[in-house]
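Index from 1, following the sequence.
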Amino acid sequence: MLGAFRPTSVAFSGLLWKTPWKLSVTRKANARARLKKVDSVIEAVRASGVHCKALDHALLLPKESEMAPKDKYTVFNPTARGYRKGIHKVPKWTRLTLRVNPKGF
């Protein structure tokens, strides 16, 4: 146990990072707050009079208040049952823009 070849935490207890199967109430609230902050930044840049391709693309995205809960907390996945998976299962989901999904899904 206490030597040069002691087991690591992964070998000791299995998978180290366990992802819950659904978002908690707190994580959902944080996701909504993050979407609202992004909306406010987009609006501030638009109000400043700056024009660029990225801003034009960002203005086409739906705002947090216009999104259905299904689109806020899940994303399209062609391999998942029901074609949806929880947004927290996407790697680096807090840094990505995941507001638009295919029509009908």
Side-chain angles (χ1 to χ4, degrees):
M1 274 296 190
L2 299 173
F5 301 105
R6 67 177 179 261
T8 62
S9 57
V10 174
F12 218 25
S13 62
L15 184 63
L16 184 59
W17 305 113
K18 296 186 175 160
T19 308
W21 67 276
K22 70 176 191 172
L23 280 173
S24 67
V25 175
T26 307
R27 291 181 85 182
K28 280 185 178 182
N30 290 341
R32 284 192 308 273
R34 196 177 297 110
L35 287 170
K36 289 176 186 173
K37 286 179 186 176
V38 170
D39 289 341
S40 68
V41 169
I42 291 170
E43 185 58 33
V45 172
R46 187 193 64 76
S48 71
V50 174
H51 295 289
C52 63
K53 187 176 178 181
L55 179 62
D56 295 338
H57 178 70
L59 290 172
L60 295 176
L61 295 172
K63 292 189 162 95
E64 186 270 338
S65 59
E66 300 168 352
M67 293 174 69
K70 181 171 102 172
D71 291 333
K72 289 181 194 177
Y73 310 124
T74 61
V75 292
F76 174 76
N77 184 8
T79 60
R81 188 172 30 147
Y83 300 105
R84 287 282 184 160
K85 73 176 182 179
I87 197 168
H88 64 294
K89 303 277 186 175
V90 178
K92 297 186 172 62
W93 67 278
T94 58
R95 302 179 209 167
L96 299 175
T97 302
L98 301 168
R99 295 185 186 221
V100 180
N101 291 297
K103 297 281 185 199
F105 292 100

Study note, to complete from the structure: Minimal heavy-atom distance between Ile42 and Leu59, with the atoms involved, is CG2-CD2, 3.8 Å
Check your understanding: So how far is it from Thr94 OG1 to Asn30 CG, rounded to the nearest 0.5 Å?
Key -> 10.5 Å
Point to revise | Any side-chain heavy-atom pair of Lys72 and Ile87 under 4.5 Å | key: no
Practice item. For Thr97 and Leu61, work out which heavy atoms get closest and say how close. Key: CG2-CD1, 3.5 Å
Check your understanding: Say you draw a straight line from NZ of Lys89 to NZ of Lys22; how long is it, rounded to the nearest 0.5 Å?
Key -> 12.5 Å
Practice item. Report the distance from atom CD of Glu64 to atom NZ of Lys37, rounding to the nearest 0.5 Å. Key: 13.0 Å
Check your understanding: Any side-chain heavy atom of Arg99 within less than 4.5 Å of one from Leu35?
Key -> yes
**Study point:** Co-membership, hydrophobic cluster, residues Leu23 and Leu96, 4.5 Å side-chain
**Key:** yes
Revision key, fill the gap. Between Val100 and Pro62 the two heavy atoms that sit nearest each other are CG2-CD, 4.1 Å
Practice item. Taking the side chain as every heavy atom from C-beta outward, state whether Asp71 and Arg84 have any atom pair closer than 4.5 Å. Key: yes
Check your understanding: Strictly by modelled atom types, are Tyr73 and Arg32 linked by a side-chain donor-acceptor pair under 3.5 Å?
Key -> yes
Point to revise | Mutual orientation of the aromatic rings belonging to Phe76 and Phe105 [parallel < 30°, tilted 30-60°, perpendicular > 60°] | key: tilted
Review point. Quick check: does any side chain N or O of His88 sit under 3.5 Å from a backbone N or O of Ser24, one acting as donor and the other as acceptor?
Key: no
